[in-house]
Trainee: 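Here's a structure for you.
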Amino acid sequence: MRKKMMALLLAGMLAGVNVMPVFATELDHTEQAADGENADAADGENADSENADAADGENADTADGENADTADGENADSENAGAADGENADGENADDGNVEAEVQEIVIPKGNLVDVDVIDLSLHAETTGDRAPVYTYENPFRGQDTSKGAVIEFYANPTWDVHVLGTIFAINGTGEYDGKLYFTPGSYLGFNSAGFGGFFDANLFNYNIVTDYIKDGALIRIELLPDGFAVYADDVLCYDQTILDNPEMADGDFKPDSDFSGVLAWLSGAEVLYFGYGSWWNTVSDTANIDLSRISFRLADGTVLMDQLQADKDLVESLGGSVEAVASDEHTGLQLAEVDVAIFDINSVEYQGSSVLPLMTAAVVVVILGAVAAVVLACRPRTYE
């Protein structure tokens, strides 16, 4: 019995030894198959088709194609880049001038503005170099129909040396309306805007005064018309566009027979009006030593757009100047009480009392009788012993 069991055990062990290589081989094939299936699947179905192709193809190509192309194409070239470089930069903002407008936008301070009769254009804070504006306003002609013409009038009273390149007034524009229109204490009228005809300098030669029409003070009127301009002092013509024919009195792109309607079109789009600032020479050495008053900005048909001077009270006083408010009910708040006045009728007065005529008559009679008695006594004959 024991021998049978030992024989069976030995036979089993031998059979197991023979089966092991086959099992191992089967396991090896199974693992290889698994590796092959997985690998083929990974390199084949998944890699070549879904995963690999997707990773290397759909995803990779998508990443490099759809996403990359989208990033470089749709997003970059169209939406983001196109928008940034196109719509925003060259399109909406840039084409509309918003970007440039934001960069060059002119801020018009409100301040503590009060109505005044006179402003001193020599006020400034700096002692050397460039200076800042003191009197800044929105251009009264902006948005108006200036096609028929415009008139600018003011009284200029010099207070010191005449600086020919100073500024009495200047209208400035930016962006599409980049340019300047200004008048100086040297009676020089200048305009410059490349997009609206170029420039002209009238009554100026080698940056020196040709003729000083303001002298000790004058009411200056500047008329801008579609066919030219004219400058008057106290209603007497100083010069008009014909001055542009004389190279010793003027210079510029405009000639007497030029179309000046571009100047008027520019005038309706420029943003800001300065007094005492805004020409090309905003330096202390070019300060306008002028007391300015009696301004009037109006259209050629007589429509008044601005006829009251205003000043920032706090700013002017901080610079050592002073402002005097215009005396009127609107500004002082004082009003006269309403009083009913009746015309005095002397005939309506009734007198009561006693007359003094009898007493006066009696007194006169007594005086007369007394005088007669005195005369009789004086003339009576006298006897002397």
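Position 1 is the first residue of the sequence, and the numbers go up from there. Side chains included, hydrogens not; waters and symmetry mates left out as well; all remaining heavy atoms used. As the structure is a prediction and not an experimental result, all values here were calculated from the model.
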Trainee: State, with a plain yes or no, whether a side-chain heavy atom of F183 is found less than 4.5 Å away from one of V231.
Mentor: yes

Trainee: Are any side-chain N or O atoms of N206 and backbone N or O atoms of N208, one a donor and one an acceptor, separated by less than 3.5 Å?
Mentor: no

Trainee: E271 and N139: side-chain donor and acceptor closer than 3.5 Å?
Mentor: no

Trainee: Is it the case that the side chains of K180 and N172 hold a donor-acceptor pair, with the cut-off being a distance below 3.5 Å and no angle test?
Mentor: yes

Trainee: Taking only distance into account, with no hydrogens and no angle test, what donor-acceptor pairs under 3.5 Å do side-chain atoms of residues 210-219 form with protein atoms, sequence neighbours excluded?
Mentor:
{"residue": "D212", "atom": "OD1", "partner": "I214", "partner atom": "N", "Å": "3.0"}
{"residue": "D212", "atom": "OD1", "partner": "K215", "partner atom": "N", "Å": "3.2"}
{"residue": "Y213", "atom": "OH", "partner": "C238", "partner atom": "O", "Å": "3.3"}

Trainee: Checking Y232 now: which residues fulfil ring pair (Phe, Tyr, Trp, His ring centres under 6.0 Å) with it, not counting sequence neighbours?
Mentor: none

Trainee: Would a hydrophobic clustering, with Ile, Leu, Val, Met, Phe, Trp and Tyr connected at side-chain separations under 4.5 Å, put I295 with L305?
Mentor: yes

Trainee: V134 and L165: same hydrophobic cluster, using ILVMFWY side-chain contacts below 4.5 Å?
Mentor: no

Trainee: Compute whether any side-chain donor of one residue and acceptor of the other, for Y274 and Y137, lie under 3.5 angstrom apart.
Mentor: no

Trainee: Side-chain donor-acceptor pair under 3.5 Å between D245 and T242, yes or no?
Mentor: no

Trainee: Suppose we screen for ring pair (Phe, Tyr, Trp, His ring centres under 6.0 Å). Which residues come up paired with F200, at least two apart in sequence or across chains?
Mentor: F191, F229, F254

Trainee: Answer yes or no: is there a donor N or O on one side and an acceptor on the other, between the side chain of Y155 and the main chain of D291, under 3.5 Å?
Mentor: no

Trainee: Tell me every residue that passes salt bridge (charged side-chain N to carboxylate O under 4.0 Å, His left out) with R221, counting only those two or more places apart in sequence or in another chain.
Mentor: E223, D235

Trainee: For D130, give me all partners under side-chain hydrogen bond (donor to acceptor under 3.5 Å, both in side chains), at least two apart in sequence or on another chain.
Mentor: none

Trainee: Can you name the salt bridge (charged side-chain N to carboxylate O under 4.0 Å, His left out) partners of K313, sequence neighbours left out?
Mentor: E317

